[in-house]
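Reviewing the structure listed below.
Nothing here was measured: the structure is a model prediction, and the numbers come from that model. All residue numbers refer to positions in the sequence shown, counting from 1.
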Amino acid sequence: VQLQASGGGLVQAGGSLRLSCAASGRTFSRYNGGWFRQTPGKEREFVAGIGWSGPIIFYADSVKGRFTISRDNAKNTVDLQMNSLKSEDTAVYYCAAGRADIIKPSAYDFWGQGTLVTVSS
C-alpha cells in the first residue's frame with residue numbers, strides 16, 4: 001500500500017484543517033487506517049484510528065471532540081477533520097495502514113510521507 005498525505009498548512013488557533021490520505025496499491029479496504037503526529041525530539045504519537053470496516057474508531061484523549069476520522073473505501077481515502085485547533089496540535093501528521101492494533105504505531109505496516117500542520121496562537 002502506498003499512502004499520500006495532504007492538507008497540512010498554517011492555520012490560526014481555533015481554526016480548522018482537513019487532512020486526507022490517499023491509498024493505492026493493495027486493497028486498502030482491508031487495512032485499518034490511522035493518523036499519527038510527531039514533533040521534534042518526541043516519539044510519534046497516536047491521534048486517531050479507524051477499523052478496516054469503519055465502525056471501530058479510537059481517538060487520543062487530546063483530540064477527542066475536536067478531530068474526526070473517516071474513511072471512504074470506494075475512494076481509498078482516510079480523512080482527518082481537525083477543528084478547534086490549538087498550538088499544541090502543531091506537528092507533522094502521518095497517515096498509516098495496518099492490520100493489527102489500531103493505536104500502536106508499531107502495528108502499522110505502511111506510512112505516508114507526512115504533512116506539516118502549524119497552528120499559530
Side-chain angles (χ1 to χ4, degrees):
V1 177
Q2 291 80 44
L3 302 173
Q4 181 74 35
S6 62
L10 174 64
V11 63
Q12 289 187 335
S16 299
L17 278 177
R18 188 176 184 89
L19 305 183
S20 184
C21 181
S24 61
R26 301 182 186 182
T27 307
F28 181 61
S29 61
R30 297 183 181 179
Y31 289 82
N32 300 324
W35 283 96
F36 296 79
R37 65 188 181 188
Q38 190 170 22
T39 54
K42 293 188 177 181
E43 293 187 353
R44 193 167 297 185
E45 66 171 355
F46 171 78
V47 176
I50 186 167
W52 64 271
S53 63
I56 299 176
I57 293 175
F58 293 97
Y59 295 100
D61 288 342
S62 58
V63 307
K64 279 182 182 177
R66 300 188 298 121
F67 290 12
T68 303
I69 190 171
S70 62
R71 70 184 298 158
D72 186 335
N73 286 338
K75 296 181 179 180
N76 284 343
T77 58
V78 175
D79 291 351
L80 185 68
Q81 177 66 42
M82 306 186 294
N83 299 329
S84 302
L85 283 162
K86 306 175 181 179
S87 57
E88 51 263 45
D89 294 318
T90 295
V92 176
Y93 285 71
Y94 299 88
C95 62
R99 286 186 168 177
D101 192 292
I102 289 178
I103 296 177
K104 295 180 180 178
S106 60
Y108 285 80
D109 304 303
F110 306 99
W111 292 84
Q113 85 288 4
T115 184
L116 177 63
V117 172
T118 304
V119 183
S120 63
S121 57

Closest approach of [X] and [Y], non-hydrogen atoms and distance?
X	Y	result
A48	L80	CB-CD1, 4.0 Å
L17	G7	CD2-O, 3.8 Å
A23	V1	CB-CG1, 4.1 Å
A91	T39	CB-CG2, 3.6 Å
A100	N32	O-ND2, 2.9 Å
V11	G15	CG2-CA, 3.9 Å

Kindly compute the distance separating [atom1] ([X]) from [atom2] ([Y]), expressed to the nearest 0.5 Å.
X	Y	atom1	atom2	value
T90	L116	OG1	CG	8.0 Å
Y108	D101	OH	CG	7.5 Å
S62	F67	OG	CZ	7.5 Å
L10	S120	CG	OG	5.0 Å
E88	S121	CD	OG	9.5 Å

* Asked: For D79 and R18, what are the C-alpha separation, side-chain angles and deciding distance, and is it a salt bridge (Lys or Arg N to Asp or Glu O under 4.0 Å)?
  -> CA-CA 7 Å; D79 291 351; R18 188 176 184 89; 3.3 Å; yes
* Taking atom types as modelled, find out whether N83 and Q81 have a side-chain donor-acceptor pair closer than 3.5 angstrom. => yes
* Structure fact -> ring pair (Phe, Tyr, Trp, His ring centres under 6.0 Å) filter on Y93, not counting sequence neighbours, yields none
* To do: Could I get the full list of ring pair (Phe, Tyr, Trp, His ring centres under 6.0 Å) partners for F46, not counting sequence neighbours?
  =>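 Testing F46 for ring pair (Phe, Tyr, Trp, His ring centres under 6.0 Å), a comparison that skips the adjacent residues, returns F36.
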* May I have the step-by-step check of side-chain contact (heavy atoms from CB on, under 4.5 Å) for D89 and R37, ending in yes or no? => CA-CA 9 Å; D89 294 318; R37 65 188 181 188; 2.9 Å; yes
* For side-chain contact (heavy atoms from CB on, under 4.5 Å), just list the numbers for R44 and W111, CA-CA rounded to whole Å, side-chain angles, deciding distance to a tenth of an Å, and then say yes or no. => CA-CA 12 Å; R44 193 167 297 185; W111 292 84; 3.2 Å; yes
* Tell me whether the guanidinium CZ or amine NZ of R71 lies under 6.0 angstrom from the six-membered ring centre of Y31 and within 45° of its axis. =>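 Ring-cation test returns no.
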* Asked: Do the side chain of Q113 and the main chain of Q4 share a donor and acceptor less than 3.5 angstrom apart?
  -> no
* Backbone N/O of F28 and side chain of N73: donor-acceptor pair under 3.5 Å ->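 It does not hold such a pair.
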* Is the shortest heavy-atom distance from the side chain of I69 to the side chain of V78 under 4.5 Å? ->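 When only atoms from C-beta onward are counted, V78 and I69 do touch, with a gap below 4.5 Å.
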